Amino acid sequence: MRPEELKQVLTELQKETVSGKLNWRLDVQTTEGNEEKYTVEEKGEVWTVDECYVSYRCKYRGKDFCMITYEMIKTSGEKIRTVNYVFLPPPGVGLFSLHTLLKHSIEPNTALMSSVHAIWELLMGLVKIKSSQVTFHITEANVNIEEDI
């Protein structure tokens, strides 16, 4: 699917969610709350890395819709850099693994990422008011920090 097509689908999903016609399962796995973070060095600058996966699932027009997003957030002092991926895996694939998901990736552009963010905000708003339209799960991602020997 092209980014423009996915953007159109997300717009339709948003409208149907607002009208109360869709129920979602939202699973988040993130390192954001972890005390331990891993770092990378790029061109002499050290960046602290956070990662976040979000799985968006619903039944849309009689079929299972599944979209998984991944965001890597690197910070160094006041500087912030992000890398975003969008995946449309088949319904049976639910692993939060870049290696597994990469073959299902959609090239994100600004318009698509704006639509993804709009769905995120809509669903988080429903979670906040404890709407039965969204089942929400959040888990802490493990950080594998390899120490130098």
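Since this is a predicted model, take the numbers as computed values, not measurements.
In this model, a donor atom of one side chain and an acceptor atom of the other lie less than 3.5 Å apart for T17 and W24. A side-chain donor-acceptor contact under 3.5 Å links E12 and Q8.
A salt bridge does not link K43 to E45: none of the charged nitrogens lies less than 4.0 Å from a carboxylate oxygen. Using a cutoff of 4.0 Å between basic side-chain nitrogens and carboxylate oxygens, D64 and K59 are scored as salt-bridged.
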Query raised in the report: Between V40 and V49, does a side chain to side chain contact (heavy atoms under 4.5 Å, CB included) hold up when you go through it step by step?
Result: CA-CA 7 Å; V40 294; V49 178; 4.0 Å; yes
Query raised in the report: Can you list the steps and then say if N34 with E140 is a side chain to side chain contact (heavy atoms under 4.5 Å, CB included)?
Result: CA-CA 7 Å; N34 294 6; E140 183 178 290; 2.6 Å; yes
Query raised in the report: Checking side chain to side chain contact (heavy atoms under 4.5 Å, CB included) for the pair N109/E4: CA distance, chi angles, key distance, verdict?
Result: CA-CA 9 Å; N109 58 31; E4 300 80 23; 3.9 Å; yes
Report task. Mind running side chain to side chain contact (heavy atoms under 4.5 Å, CB included) on I119 and V116 for me, showing each step along the way? Result -> CA-CA 5 Å; I119 286 283; V116 169; 5.9 Å; no
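The nearest pair of heavy atoms linking C66 to L88 is O-CD2, 3.5 Å.
Residue H117 holds its NE2 atom at 3.5 Å from CD of E121, rounded to the nearest 0.5 Å.
At a threshold of 4.5 Å between side-chain heavy atoms, the hydrophobic network of Ile, Leu, Val, Met, Phe, Trp and Tyr places V86 and V9 in one connected group. Under a hydrophobic-cluster definition in which Ile, Leu, Val, Met, Phe, Trp and Tyr are linked whenever side-chain heavy atoms come within less than 4.5 Å, directly or via other members, Y56 and L101 are assigned to different clusters. The hydrophobic cluster containing L102 does not contain M67, counting ILVMFWY residues as joined when their side-chain heavy atoms lie under 4.5 angstrom apart, directly or transitively. Taken together through direct or relayed side-chain contacts under 4.5 Å among Ile, Leu, Val, Met, Phe, Trp and Tyr, L22 and I129 form part of one hydrophobic cluster.
Counting heavy atoms from C-beta outward, I68 and D27 have side chains that stay 4.5 Å or more apart. With a 4.5 Å cut-off on side-chain heavy atoms, Y85 and M72 do not count as touching. A heavy-atom distance below 4.5 Å is not found between the side chains of K74 and T82.
For residues 46-56, the salt bridge (charged side-chain N to carboxylate O under 4.0 Å, His left out) pairs, not counting sequence neighbours, are K37-D50.
With sequence neighbours excluded, the residues forming a ring-ring contact (aromatic ring centres under 6.0 Å, His included) with Y53 are Y70, F96, listed by chain and number. Remark: E78 pairs with no residue by the side chain to side chain donor-acceptor pair (under 3.5 Å) rule, at least two apart or across chains.
Heavy-atom contacts from other residues, nucleotides or ligands closer than 6.0 Å to CD of E32 number 12 or fewer.
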